Protein chains: 2
Amino acid sequence: MPMSRKPGAKSSTATAVHETLAAVLQVRDGELQVLLWERAREPEAGAWALPGGVLDAAETLEESIRRHLAAKVDVRELSHLEQLRTLSEPDRHPGGRVLATAYLGLVPAGIDPALPEDTAWHPVDELPRTAFDHGAVALAGRERLRAKLSYTNLGFALAPPTFTISELRSLYRAALGHAVSATNLQRVLPRRRLLVETGERRGPGRTGGRPAALFRFRTQDLEVTDQFAVLRPPGRAFAGGGG
Amino acid sequence: MPMSRKPGAKSSTATAVHETLAAVLQVRDGELQVLLWERAREPEAGAWALPGGVLDAAETLEESIRRHLAAKVDVRELSHLEQLRTLSEPDRHPGGRVLATAYLGLVPAGIDPALPEDTAWHPVDELPRTAFDHGAVALAGRERLRAKLSYTNLGFALAPPTFTISELRSLYRAALGHAVSATNLQRVLPRRRLLVETGERRGPGRTGGRPAALFRFRTQDLEVTDQFAVLRPPGRAFAGGGG
DNA sequence: GCAAAAGTGTTGTGTCTACACCCATGT
DNA sequence: ACATGGGTGTAGACACAACACTTTTGC
């Protein structure tokens, strides 16, 4: 078992730097976008990188990524944060071995955090030249989000506190990358107890139209809402068609 | 960005040892079991630990866990290996900080690998006293397996090359922890193109009974088979009830 | 009245569960 | 014939998609 290793001891289990990275995603202008900063120095000068940095001695990985993100955005605006995976290709970083634990972070729509000079949002579907393996991490974050939107209530992390079905539909469309029917969204999400009607309505725009009901997510805690019809325990209600 | 850090430089980003761990699961005697070894030395002498060890300088995490597992089982018998998550609680290991990347490994039923003296299989539902946070990792492996059994073809990793529906049912029951109907398994899995009939049959036992058809999994590569009915793109076939 | 936007009624389809029933074998 | 275990027929429940239609607003 590893433990009393002298720092700097020259051995094959050399000291590897460990960093944290985050693909912070938000729906902006109808597109799913990721927060990137432009590297000024070599290596990879001019390429865009995910926010992150080195793990400190006394912090957990999650504390670390929150600390580094604080330099780019207001961390209180993060509605969700989860670990994606740890990257370990020995040559993923020139100039020395760097292990990296990647996170997925989400920011609700409608927030526009102040950003440093070198930092900007980019559509995940049109990434600029990215540094190291950061492009792949951004795409992995998008895929994790897409999967969880379908079988959990993770939508709460993309949506503002209250919203109309129309607005929610456009968030889902941006995140999933395909059209979503407002009709069916309105039936499915309340049936699954994801959405609750607030009772309020939003007045129509200048062009008219019926006022839209305002909804909110029932909870801001991640829950699995689609229990996979097949292979469920026998004898349950809701035994019908797959969910 | 981390890179040109002198090994042994005294700083708050001290050198942390990185290890890999694996929850290797197999259905044995109708129960889901996990491979553990009994620690002879402190810390945690007498407690049971997951196999694993320190990450070497030039290897990836997956290479590392395969190398360490080779000391316990024949790695060729592993039908599946995937990363679970990286543990980073600063005090998860007494005597020094140890980051650990945990893997889930699976071994098909029917194989009984030779094991070292200190190593044994234990039912995941009745774990002995476990070392460090290894018990939680074993349970996390079980949960990952259960989820993926329901929406992927991961069953291939639990099953022998060919099997009857009955045998497969008992594997699923052990892994999922609840009864599974053979009738429905026989309809659902072929419909989802997970199973293929081999054409062969297995003779009945001494007590009689109709000979059972032998099946195999169509592929040994992980595939997502349940595409989550809701929020699928519009206009597709199979648009009906949820998958 | 007309256009615009929101929301509902309704029908059709596919999946899954459950249970009864039939089939093939050993004794 | 009977027991045992494998496999199928069939009916019911339910979720979902699609589309037509109604409701509520602004002009």
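Please read these numbers as outputs of a predicted model, since none were measured by experiment. Scope of the values below: all heavy atoms of this structure, side chains included, with no hydrogens, waters or symmetry mates. Labels below follow one simple rule: chain letters A, B, ... track the order of the sequence lines, proteins then strands, and each chain is numbered from 1.
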Next on the checklist: Looking at Arg144(A) and Glu82(A), is any side-chain nitrogen of the basic one under 4.0 Å from a carboxylate oxygen of the acidic one?
Outcome noted: yes
Next on the checklist: Check Arg146(B) with Glu143(B), please: is the shortest side-chain N to carboxylate O separation under 4.0 Å?
Outcome noted: yes
If you check the [X] side chain, which of [options] turns out closest?
| X | options | answer |
| --- | --- | --- |
| Thr183(B) | dT8(D), dC16(D), dT15(C) | dT8(D) |
| Pro204(A) | dG6(D), dG26(D), dG9(C) | dG26(D) |
| Ala212(A) | dT17(C), dG7(C), dC16(D) | dG7(C) |
| Arg210(A) | dT17(C), dA5(C), dA17(D) | dA5(C) |
| Arg192(A) | dC16(D), dA18(C), dC19(D) | dC16(D) |
| Arg187(A) | dA17(D), dT10(C), dG7(D) | dT10(C) |
| Thr207(A) | dT8(D), dA5(C), dG9(C) | dA5(C) |
| Asn184(B) | dT4(D), dA18(C), dG6(D) | dA18(C) |

Checklist entry - Does one side chain, of Thr86(A) or Thr101(A), offer a donor that lies under 3.5 Å from an acceptor on the other? => result yes
Next on the checklist: For the residue pair Thr20(A) / Ser64(A), report whether a side-chain donor-acceptor contact shorter than 3.5 Å exists.
Outcome noted: yes
Checklist entry - Just by distance, do the side chain of Trp37(A) and the backbone of Trp48(A) share a donor-acceptor pair under 3.5 Å? => result no
Checklist entry - When you match Pro211(A) and Ser181(A) each to their closest nucleotide on DNA chain D, which lands nearer the 5' end? => result Ser181(A)
Under 4.0 angstrom, heavy atoms only, what part of the nucleic acid is [X] near: base, sugar-phosphate, or nothing?
| X | value |
| --- | --- |
| Gly203(A) | nothing |
| Ala182(A) | nothing |
| Thr164(B) | nothing |

Checklist entry - Hey, is the side chain of Arg191(B) poking within less than 4.0 Å of OP1 or OP2 on dC16(C), counting only N and O atoms? => result yes
Checklist entry - Hey, does the side chain of Arg206(B) come within less than 4.0 Å of dT25(C)'s phosphate (OP1/OP2), counting only N and O? => result no
Checklist entry - Starting at CG of Leu189(B) and ending at P of dT15(C), how long is that distance when rounded to a whole Å? => result 14 Å
Item to check | Upstream residue (5' side of DNA chain C) when Gln186(A) and Gly209(A) are each assigned their closest nucleotide | outcome: Gly209(A)
Next on the checklist: Distance criterion of 3.5 Å, no angle test: do you see the side chain of Arg202(B) paired donor-to-acceptor with the base of dG6(D)?
Outcome noted: no
